[in-house]
Visitor: 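Before we start, here is the structure in question, set down as structure tokens.
Below, chain A is the first sequence line, B the second, and so on; all start at residue 1.
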Amino acid sequence: MSLTNETKDIQSKLAEYARTGSKKEIEGARDDRLHHYRRLVYNVVKGVLDQGFPIAKEIMGEERWDDLVFDFFKRHKCQENEVWKMPSELVEFVDKTNYQESIGLPYLPELLLFEWLEIQVHGMQDVALPNTQEFGSDLDEALVLNPYLEIAQFQYPVHLRSASEMEANKGHYYLLIYRELDSHLVKFMNLTGFTAILLDTLGQSPKTLRHALNEMGQSLGMEITHEIEQKAIEFIEKMVEKGVVLGVK
Amino acid sequence: MTNDDDILVGLGFRRSIADETIQMKGSSPNFVEIAPENWMGMGGYWRSKLHEAAERFPITAHGLSLSIGSPDELDFEFVKELKKFLDEFNIDIYSEHLSYSKCDNAHIYDLLPIPFREDAVKHISKRIKTVQDILERPLILENVSYYTPVAAKMREEEFISSIVKESGCNLLLDVNNVYVNAFNHDYNAKDFIKNLPLDQVAYMHMAGHEKVEKDLIIDTHGQPIIDPVYDLFNYTLDLTEPVPVLLERDFNFPEMEELQGEMTNLKKIMNQKWNKAYVVDE
């Protein structure tokens with residue numbers, strides 16, 4: 001015997017009420033007790049999102065933030081089994097609905113993404129790291145990157161964490177978010193367009209710096225001069241110091 | 001004869017007290033329990049903490065997202081991922097809630113009460129068997145606290161007993177939840193326990209709660225265990241065989257000494273009731 005439509009319908013009504021606050025009569029349920037389910041569910045969701053997006057919450061203020069959380073959980077059906085990943089769904093929701101337009105905060109999608117990337121990089125699954133040797137500042141060594149990193153491009157300087165700075169300084173920003181291997185701490189670093197593309201190219205598959213620069217030269221239609229090569233070596237040396245490049249194969 | 005090895009008291013392994021738990025001195029838990037969904041798919045700092053915990057303690061798992069009572073189809077991918085996780089950490093005891101937390105393809109992230117009905121018994125029993133097959137472990141289901149009945153056509157204890165009988169699953173007897181439900185729905189907690197399939201109890205939970213209205217208790221896990229719940233635990237142990245018992249505390253954490261004191265209280269009762277060697281002849 002499978003679940004009857006009647007039982008399914010009752011379960012659906014209770015779940016919908018707990019998720020959206022839209023109340024329908026539920027057979028046999030105590031009206032004076034039902035609201036606790038709505039309250040408890042909302043508190044769980046709000047707690048997770050408050051913790052995930054402290055900067056967005058502070059900038060938006062309690063009321064607008066609550067409205068967003070309420071709207072999100074009502075209109076979006078969360079898919080993540082692991083609640084710690086659920087904040088990524090708020091990022092998708094805001095992006096998909098252009099929520100930022102309705103509240104006049106154009107930088108909101110990027111700010112939420114910035115905050116989510118910190119959570120994501122912090123929790124990236126551990127992978128086996130290859131044995132590496134020290135980088136000899138040679139263009140023809142195959143570089144191995146720290147696998148726990150994300151490179152993001154923003155129009156707003158979300159990393160400055162200030163509403164006025166974000167609104168006043170629309171432009172092109174490249175940010176590296178990476179996790180240190182030993183401390184597990186998440187670090188942020190400003191990149192230029194060139195270094196962002198270089199790291200991204202190196203991260204796609206293990207390759208030499210020369211190979212990566214040649215790929216970039218072809219795709220960007222630029223000549224890779226000796227000076228560019230030297231700058232790239234200096235950049236990689238800095239990345240080795242920071243633990244972004246682990247070494248060479 | 002029962003011996004000290006059968007008297008096992010565990011503590012919920014929560015991030016807020018992760019270091020204190022791992023480094024605990026003095027009377028420490030025999031095992032720790034985790035919510036697998038809070039650790040699955042996660043690497044880095046917290047993964048390393050979980051490994052540290054696993055080096056010191058055996059781990060049990062108490063799930064949140066299986067949603068065994070849901071009208072939705074089982075999430076098979078999730079159950080397979082869960083199995084990998086349980087295997088990785090050598091977790092034999094995996095329990096879940098007799099409730100649902102996903103419906104109409106949306107996670108609710110909390111535990112909703114299932115209508116106590118025959119069709120739900122059949123539906124859930126079938127799903128339990130499927131989950132057990134995939135996990136290659138027995139599923140241990142917990143009697144949950146609830147604040148309103150929903151379209152019930154049978155009594156709660158009948159509902160639980162029927163599922164245990166039909167599916168062959170084990171029971172996680174949450175003594176605090178029985179107390180909470182008995183208070184909220186005005187029934188006799190001891191009678192309720194007596195009518196459960198106690199021979200199928202494989203695990204127990206003890207916790208604190210919060211009285212929010214004159215006739216309503218919310219199962220918060222944010223307070224110490226109160227004396228009437230200890231009394232009910234005493235009563236329950238007279239009727240059951242030795243099983244691991246967990247102290248649940250999810251927030252509002254006190255000093256570790258207080259949690260150690262609660263674990264000591266539990267262990268003392270368990271020894272008195274279950275450990276025949278503990279009884280000293282006059």
Visitor: Under 4.5 Å from any heavy atom of chain B, what part of A:Val41 do you find: side chain, backbone, both or neither?
Guide: both
Visitor: For A:Arg38, check salt bridge (Lys or Arg N to Asp or Glu O under 4.0 Å) against everything at least two apart and list the hits.
Guide: none
Visitor: Is there a salt bridge (charged side-chain N to carboxylate O under 4.0 Å, His left out) between B:Glu88 and B:Lys84? Walk through the geometry before answering.
Guide: CA-CA 6 Å; B:Glu88 181 184 350; B:Lys84 279 189 211 162; over 6 Å; no
Visitor: Measure A:Glu89 against the heavy atoms of chain B and call it side chain, backbone, both or neither at under 4.5 Å.
Guide: side chain
Visitor: Could you look at B:Leu111 and say if it's the side chain, the backbone, both or neither that has a heavy atom under 4.5 Å from chain A?
Guide: backbone
Visitor: Quick check for you: among A:Gln125, A:Gln79, A:Glu6, A:Gln11, which has the greatest number of heavy-atom pairs under 4.5 Å with chain B?
Guide: A:Gln11
Visitor: Given that the side chain runs from C-beta out, which part of A:Glu16 has a heavy atom under 4.5 Å from chain B: side chain, backbone, both or neither?
Guide: neither
Visitor: Only pairs of heavy atoms separated by less than 4.5 Å count here; which of B:Asp75, B:Ile114, B:Asn105 has the most with chain A?
Guide: B:Asn105
Visitor: So which residue, A:Lys13, A:Met86, A:Arg30, A:Arg33, ends up with the most heavy-atom pairs under 4.5 Å with chain B?
Guide: A:Arg33
Visitor: Please rank B:Lys153, B:His107, B:Lys102 by heavy-atom pairs under 4.5 Å with chain A and give me the top one.
Guide: B:His107
Visitor: Of all of A:Met124, A:Glu82, A:Lys85, A:Arg19, which one pairs up most often with chain B through heavy atoms under 4.5 Å apart?
Guide: A:Glu82
Visitor: Tell me, please, whether A:Tyr178 has A:Lys187 positioned over its six-membered ring: NZ or CZ under 6.0 Å from the ring centre and within 45 degrees of its axis?
Guide: no
Visitor: Sort out for me which of B:Pro36, B:Gly41, B:Ala35 touches chain A most, counting heavy-atom pairs under 4.5 Å.
Guide: B:Gly41
Visitor: Please find out if less than 6.0 Å separates the ring center of A:Tyr17 from that of A:Tyr37.
Guide: no
Visitor: Among B:Met40, B:Arg117, B:Arg47, single out the residue with the greatest number of heavy-atom pairs under 4.5 Å to chain A.
Guide: B:Arg117
Visitor: Check each atom of B:Glu213 against the heavy atoms of chain A and say whether the ones under 4.5 Å are side chain, backbone, both or neither.
Guide: side chain
Visitor: Identify, with sequence neighbours excluded, every residue that meets side-chain hydrogen bond (donor to acceptor under 3.5 Å, both in side chains) alongside B:Glu33.
Guide: B:Tyr203, B:His205
Visitor: Where does A:His122 contact chain B at under 4.5 Å (heavy atoms): side chain, backbone, both or neither?
Guide: both
Visitor: Please look at B:Tyr109 and chain A and tell me whether the side chain, the backbone, both or neither of the residue comes under 4.5 angstrom of a heavy atom of that chain.
Guide: both
Visitor: Are any of the side-chain heavy atoms of B:Glu210 and B:Ile217 separated by less than 4.5 Å?
Guide: no
Visitor: Report which part of B:Ser67 has an atom under 4.5 Å of a heavy atom belonging to chain A: side chain, backbone, both, or neither.
Guide: neither
Visitor: Between A:Asp9 and A:Lys24, does the salt bridge (charged side-chain N to carboxylate O under 4.0 Å, His left out) criterion hold? Intermediate values first, please.
Guide: CA-CA 11 Å; A:Asp9 186 51; A:Lys24 292 175 187 160; over 6 Å; no
Visitor: Less than 6.0 Å separating the ring centroids of A:Tyr173 and A:Tyr156?
Guide: no
Visitor: Does the distance from a Lys or Arg side-chain N to an Asp or Glu carboxylate O, for B:Glu52 and B:Arg56, drop under 4.0 Å?
Guide: no
Visitor: Does B:Phe85 have its ring centroid less than 6.0 Å away from the ring centroid of B:Tyr94?
Guide: no
Visitor: Does the plane of the ring in A:His184 sit parallel, tilted or perpendicular to the ring in B:Tyr45? Use 30° and 60° as the thresholds.
Guide: perpendicular
Visitor: Could you check, using the six-membered ring where one of them is a Trp, whether A:Phe114 and A:Phe188 have ring centers closer than 6.0 angstrom?
Guide: yes
Visitor: Assess, by modelled atom type and distance only, whether the side chains of B:Asp215 and B:Asn184 contain a donor and an acceptor separated by less than 3.5 Å.
Guide: no
Visitor: Hey, which residues of residues 62-77 of chain A are touching chain B, say heavy atoms under 4.5 Å apart?
Guide: A:Phe73, A:Lys77
Visitor: Parallel, tilted or perpendicular, judged at 30° and 60°: which one describes the rings of B:Tyr179 and B:His209?
Guide: parallel
Visitor: Taking only heavy atoms into account, what residues of residues 156-167 of chain B are found under 4.5 Å from chain A?
Guide: none
Visitor: Do B:Arg14 and B:Ile17 touch side chain to side chain, with heavy atoms closer than 4.5 Å?
Guide: yes
Visitor: Would B:Arg15 count as a cation-pi partner of B:Trp46, with NZ or CZ less than 6.0 Å from the six-membered ring centre and within 45° of the ring normal?
Guide: yes
Visitor: Look only at the side chain of A:Asn146 and the backbone of A:Gly243, and say whether a donor-acceptor pair between them is shorter than 3.5 Å.
Guide: yes
Visitor: Among A:Val127, A:Ile26, A:Asn81, A:Asp31, which residue forms the greatest number of heavy-atom pairs with chain B at distances under 4.5 Å?
Guide: A:Asn81
Visitor: Quick check on the interface: out of A:Leu40, A:Val121, A:Leu34, who has the most heavy-atom pairs with chain B under 4.5 Å?
Guide: A:Leu40
Visitor: Taking only Lys NZ, Arg NE, NH1 and NH2, and the carboxylate oxygens of Asp or Glu, determine whether B:Asp72 and A:Lys8 approach each other closer than 4.0 Å.
Guide: no
